[in-house]
Amino acid sequence: MVPNLPTGWTAEDVGSLAPAWLTTTTNPNSGLQCATLGWNFSNPQDDWLFTPGLPLTSGTSYRLTFWYRAQSTSYTSLSEAAATNAGVG
């Protein structure tokens, strides 16, 4: 595990329970690293990973795609992506 997120990325652990977001070199979809979030059987995850703002042009359509996988087909989790035009933090 590589514990540091990329520059400008932030993580929010709403439940304040470990495990939290980390980066790893294990199983990235592309590139050298990926973000990973552990899970806990007794505590639901409510953890968020924020990227730096994206330079978007008004009037232009965009499609956001992301790739994720569960560690096991027995323990899958719901992931979602959201966008805002407001700053975070």
Side-chain angles (χ1 to χ4, degrees):
M1 291 282 181
V2 180
N4 296 325
L5 294 172
T7 301
W9 289 56
T10 57
E12 183 177 351
D13 182 8
V14 176
S16 297
L17 299 170
W21 285 100
L22 301 170
T23 60
T24 182
T25 56
T26 303
N27 297 319
N29 184 45
S30 62
L32 300 176
Q33 294 181 347
C34 60
T36 181
L37 177 65
W39 47 270
N40 184 315
F41 286 112
S42 60
N43 297 303
Q45 297 297 116
D46 191 10
D47 298 77
W48 295 87
L49 184 62
F50 299 97
T51 67
L54 303 173
L56 306 178
T57 302
S58 177
T60 302
S61 295
Y62 296 91
R63 177 178 299 173
L64 174 66
T65 60
F66 67 100
W67 181 84
Y68 86 98
R69 63 174 270 208
Q71 184 169 338
S72 164
T73 57
S74 299
Y75 304 104
T76 60
S77 61
L78 175 64
S79 295
E80 66 182 85
T84 180
N85 62 355
V88 176

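Note that the numbering runs from 1 along the sequence shown for the chain.
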Kindly give the heavy-atom pair with the smallest separation between Cys34 and Thr26, and that separation in Å.
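Here Cys34 and Thr26 meet closest at SG-O, 3.4 Å.
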If you look at every heavy atom in Leu49 and Ala35, which pair is closest and at what distance?
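So the minimum-distance heavy-atom pair works out to CD2-CB, 3.5 Å.
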Connected via hydrophobic side-chain network under 4.5 Å: Leu54 and Tyr62
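Same cluster.
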Distance from Gln33 atom CD to Asn27 atom CG, nearest 0.5 Å?
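Interatomic distance, Gln33 CD to Asn27 CG, rounded to 0.5 Å: 13.5 Å.
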Verify the neighbour count for atom CG of Leu32: are there more than 12 heavy atoms of other residues, nucleotides or ligands below 6.0 Å?
no
Among Thr51, Asn4, Thr23, which residue meets the side chain to side chain contact (heavy atoms under 4.5 Å, CB included) test with Trp9?
Thr51
Side chains of Thr36 and Trp21: does their closest heavy-atom pair fall under 4.5 Å?
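Result no, sub-4.5 Å side-chain heavy-atom pair not found.
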